Amino acid sequence: MSRSVRLWLFAPALVVLAGFLVWSFALLPAFGNYRGPYGDVLNSVAPPERHVTDVVSAVNFDYRAIDTLGEEFILFASVIGVMLLLREHPDEVKEEIEDEQAERKVPFPSDAVRVMSLLLIPPTVLFGVYIVTHGHLTPGGGFQGGAIIVSALALVYLAAGFKMFKRLIPHQLVDLGEGLGAGGFVIIGLAGIAAGATFLENVLPTGETGDVLSGGTIWLISVTTGLEVAAGLYLVIHTFLEKLLEHVKEGDGRGLRKTMDDRRWTMRDGDAGKTMGDGRWRMDPEPAKDGRPVSQGPRYEIEDRGLR
Amino acid sequence: MEILQAMMLVFIAAAGLAVVRTHEPSSQVVVFSFYGLLLAIMFVLFQAPAVAFSQIVVGAVVLPFMLLLALARVRRRARPK
C-alpha cells in the first residue's frame, strides 16, 4: 500500500474518530460533577455500618470483596505463570552470580547508592506494614502496602546484591505466605458461611471506629491481601533475577567456565584429549606448555563434543 | 486546584509522547518510569490517594524494574560468545 493510499484511508477515519470524540466529550458531565448515587450512598452508609473511615477499603474488602478475591487470584495465577515459564530448564546450569564475578564489566553501585538504599529499607518496610494494617482507616490497603514492602526488597538487591537478597529472605516462608495470602481470603469468606451468613459477609465484630483493630473482616482481608501481594511480587522479582543472574545455557561458554573453576582444573603436558566434567568436554589436542590453569588462559580451547 | 490539574494533564500528555518517541528500549523504561510517577501525582491531585499508592509502586517501580530485568536477560542471550 502506497503512502498516498494510506493517507486517503487515514483522513476519513481521523475525521470520524475526532467527530465521535468531540461528541462524547460534549456530553460528559461537568468537570468534578458526580452524578451516580452509589458513591454518595456508600459514603453515608459505610462509616456507621462498618466502623471504618476509608470507604474505598470497605468497598474493596467488604461490599465488593468477591471482585477483589477474583483480582487476587489473577495475581496468584500470573505469579505461578511467571515461575513456570522462567523455571530452571534441564539444559541450564547454575552459574556464579554475575554481580559477584571478578571480571564484571558493569561497575558496582556506588557507595552513595548503597548507603541510601540501606537507609531507605527500614522506613519503606515500616511504611508498607502501616499501609497494610491501616487500610480501613487511611488510603491504601493490602495491595498498596504489599507492593511497597516489595519495593524495599528491590532496595535490598540494590544495596547488597543478589546473594544477600536470597540469604535475607527465606524462600519457603515466602511460598507459604503466598499460599496463605490467597487461601486466607477464601477461608475468611467461608467463615461467613460457617457463621450462618453469606460468603465473605463481614461477620466479625467491627469494633470502635478509628481503632487499628476494627472493621471486622475488612482488616483481616487487607492483611491477607498484603501478604499475598508482597509474597507474589517478591516471587516474580526473585524469579526474574534468578533467571537473569544465575541460569545459563550450557554451551555458550559461560556455564563451562564455572565447571572448570569448580574443579580447579589445570592443564598440563599430556592432558590433551582427556575428558573433563561429566565427560562432555574434551581438552584441545594441543596443550600449552606452561601448565597454567585453564580458566586463566584464553588460548586453551575446549571442544564441545555435543554428547547430549 | 483546577489549574494544577490541567497543568498535570498537559505534562502527562507530553510525557506519554516522550515514552513513544524514545526508541532505545532501556532509556524508554526510564522515561516510562517517570511517566508513571507523573500519573501518580495526577491521582493525588484528583483526590485518589489509594490509586496513587498503587501507581507509584507498580507503575513507577515494579513494572520498570521487571522490564529492565527482561531487557537484560534478552540482551545477555543475544551477546556473542
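For clarity, every value in this text was computed on a predicted model and none was experimentally measured.
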Report task. Flag yes if more than 12 heavy atoms outside B:Phe11 fall under 6.0 Å of its CZ atom; otherwise flag no. Result -> no

Query - Side chain / backbone / both / neither for B:Gln47 at chain A, heavy atoms under 4.5 Å - result: neither

Query raised in the report: So which part of B:Gln55 gets closer than 4.5 Å to some heavy atom of chain A, the side chain, the backbone, both or neither?
Result: neither

Query raised in the report: At a heavy-atom separation under 4.5 Å, does B:Ala52 approach chain A through its side chain, its backbone, both, or neither?
Result: neither

Query raised in the report: In Å, rounded to the nearest 0.5 Å, how long is the span from CG of A:Leu233 to CZ of B:Phe65?
Result: 11.5 Å

Requested in this report: Please flag which part of A:Ile131 lies under 4.5 Å from any non-hydrogen atom of chain B: side chain, backbone, both or neither.
Outcome: side chain

Query raised in the report: Where do A:Pro139 and B:Phe53 come nearest, in terms of heavy atoms and distance?
Result: O-CE1, 3.7 Å

Query raised in the report: Do other residues, nucleotides or ligands put more than 12 heavy atoms under 6.0 Å from the CE atom of B:Met66?
Result: yes

**Report entry** For A:Phe240, the option from B:Leu67, B:Leu69, B:Leu68 that meets side-chain contact (heavy atoms from CB on, under 4.5 Å)
**Finding:** B:Leu69

Query raised in the report: For A:Phe31, does the CZ atom sit with more than 12 other heavy atoms under 6.0 Å from it, leaving out its own atoms?
Result: yes

Query - Over 12 foreign heavy atoms within 6.0 Å of CZ, B:Phe34 - result: no

**Report entry** Non-hydrogen atoms of B:Ala50 and A:Gly140 that approach each other most closely
**Finding:** CB-N, 3.8 Å

Query raised in the report: Should we say atom OH of A:Tyr38 is surrounded by more than 12 heavy atoms from elsewhere, each under 6.0 Å from it?
Result: no

**Report entry** B:Ile3 atom CD1, over 12 foreign heavy atoms within 6.0 Å
**Finding:** no

Requested in this report: Take A:Gln144 and B:Val57 through the side-chain contact (heavy atoms from CB on, under 4.5 Å) test and state the conclusion after the steps.
Outcome: CA-CA 7 Å; A:Gln144 291 88 344; B:Val57 183; over 6 Å; no

